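All values derive from a computational prediction rather than experimental measurement. All chains are named by letter (A, B, ...) in the order of the sequence lines, taking the proteins before the strands, and each is independently numbered beginning at 1.
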2 protein chains.
Amino acid sequence: MPDADGHPNREEINLPAVLHALADPMRYRVVATLVREPDGTERTCSSFGLPVSKSTRTHHFRVLREAGLIRQVDRGNSRMTRLRRADLEARFPGLLDLLASNAPAEPAAS
Amino acid sequence: MPDADGHPNREEINLPAVLHALADPMRYRVVATLVREPDGTERTCSSFGLPVSKSTRTHHFRVLREAGLIRQVDRGNSRMTRLRRADLEARFPGLLDLLASNAPAEPAAS
DNA sequence: ACGCAGGTTCAACAAACATCATACCTGCGA
DNA sequence: TCGCAGGTATGATGTTTGTTGAACCTGCGT
């Protein structure tokens with residue numbers, strides 16, 4: 001059962017939901033960006049420079065969170081986002097490598 | 001450039017399109033079914049027993065075809081469907097293994 | 001105390017999409 | 001030649017979903 005924030009535990013992460021979450025360009029960008037950074041990297045939602053409004057951003061991060069791709073934790077004022085690397089690697093070995101080797105450019109960071 | 005039937009060539013297959021194609025339960029089922037069969041297996045569209053109408057079936061197979069996941073060839077009266085195993089393995093190594101180890105039950109075949 | 005930046009919630013809208021019925025085409029077999 | 005099964009094309013429809021602005025909450029820094 002997912003926790004109060006909607007995080008599924010490792011066993012609950014299922015491939016169709018993950019694929020569905022990754023099917024959106026915005027969400028794909030977030031995960032593809034995170035996967036290229038060192039393990040444990042934390043970033044704020046707004047640090048990704050997504051070209052959408054705040055509410056849309058909240059929406060996308062919720063989808064990612066509920067699919068089990070990211071973990072969000074309240075850190076004072078901001079909500080920090082981290083890739084669930086170990087969980088995903090355990091559940092779907094090779095998936096992250098796939099995203100890493102197929103990461104699109106991150107416009108906001110260039 | 002895709003051929004007349006909308007098949008992209010190997011280099012044109014891109015991950016976001018593939019993920020989008022796999023995000024639908026029906027299409028996921030088709031690919032997850034094909035990936036468990038011997039390489040080169042050919043099946044008709046209707047042999048998957050998808051619980052949808054004929055036109056919907058055509059629609060889903062088109063999406064799969066244009067995403068580069070399957071190859072369809074007119075074989076007399078029927079249009080045979082084959083998984084583009086080599087192309088997918090070359091382009092996204094590990095993706096098919098992922099689907100194979102996470103294949104859902106195929107209701108129509110059980 | 002105040003402002004502000006980061007996020008959320010809500011209601012609404014627009015685009016994408018899965019679905020279907022109908023009509024149609026095409027080989028194959030009787 | 002006729003019927004039929006497999007598929008396609010064309011709207012049309014209803015749902016999903018990505019998108020937004022406005023109102024609001026919450027810490028942090030001044």
Interatomic spacing from CZ in B/Arg71 to OG1 in B/Thr81 - rounded to 0.5 Å = 12.0 Å

Under 4.0 Å: is that the gap between some side-chain N or O of A/Ser55 and OP1 or OP2 of D/dA22?
-> no

To the nearest Å, how far apart are A/His59 NE2 and C/dT8 P?
-> 13 Å

Quick note, A/His20 side chain, CB onward, closest among D/dT17, C/dG7, D/dG7 is D/dT17

Any side-chain heavy atom of B/Leu69 within less than 4.5 Å of one from B/Val30?
-> no

Which nucleotide in the set C/dC20, C/dA18, D/dT20 lies at the smallest distance from any side-chain heavy atom of B/Asp24?
-> C/dA18

Please state whether the phosphate of C/dT8, meaning OP1 or OP2, lies under 4.0 angstrom from any side-chain nitrogen or oxygen of A/Arg57.
-> no

Using a cut-off of 4.0 Å on non-hydrogen atoms, how would the nucleic acid contact of B/Arg75 be classed: base, sugar-phosphate, or nothing?
-> nothing

Protein-nucleotide distance (A/Tyr28, atom OH; D/dG18, atom P), rounded to Å = 17 Å

Which of these nucleotides, D/dT8, C/dG7, D/dG18, is closest to any side-chain atom of B/Arg79?
-> D/dT8

Please tell me which of B/Ser78 and A/Asn77 maps to the more 5' nucleotide of DNA chain D, matching each residue to the nucleotide holding its nearest heavy atom.
-> B/Ser78

Whole-Å distance separating the NZ atom of B/Lys54 from the C1' atom of D/dT8 | 9 Å

Heavy atoms under 4.0 Å, any strand shown: does A/Ser46 hit a base, just sugar-phosphate, or nothing?
-> sugar-phosphate

When you check the phosphate oxygens OP1 and OP2 of C/dT9, does a side-chain N or O of A/Arg62 lie under 4.0 Å from one of them?
-> yes

Got a second to check how far B/Glu89's CD is from B/Leu95's CG, nearest 0.5 Å?
-> 8.0 Å

Carefully, step by step, assess B/Cys45 and B/His60 under the rule side chain to side chain contact (heavy atoms under 4.5 Å, CB included).
-> CA-CA 10 Å; B/Cys45 296; B/His60 284 313; over 6 Å; no

Just checking, A/Arg43 and A/Phe48: is the charged tip under 6.0 Å from the six-membered ring centre and within 45° of the axis?
-> yes

Protein-nucleotide distance (A/Glu66, atom CD; D/dG18, atom P), rounded to Å | 12 Å

Closest-nucleotide 5' rank along DNA chain D - winner of B/Phe61 and A/Gly76 = B/Phe61

Between B/Met80 (CE) and D/dA5 (P), how many Å, whole number?
-> 18 Å

Nearest-angstrom distance from the residue atom CE of A/Met26 to P of C/dA15 | 16 Å

So, is A/His60 close to the D/dT19 phosphate, meaning a side-chain N or O under 4.0 Å from OP1 or OP2?
-> yes

Compare side-chain N and O positions of B/Thr56 against OP1 and OP2 of C/dT19 and report whether any pair is under 4.0 Å apart.
-> no

Counting any heavy atom closer than 4.0 Å, what does A/Thr58 reach on the DNA or RNA strands: base, sugar-phosphate only, or nothing?
-> base

Euclidean distance, atom CG of residue A/Leu64 to atom P of D/dG18 [Å, nearest integer] = 10 Å

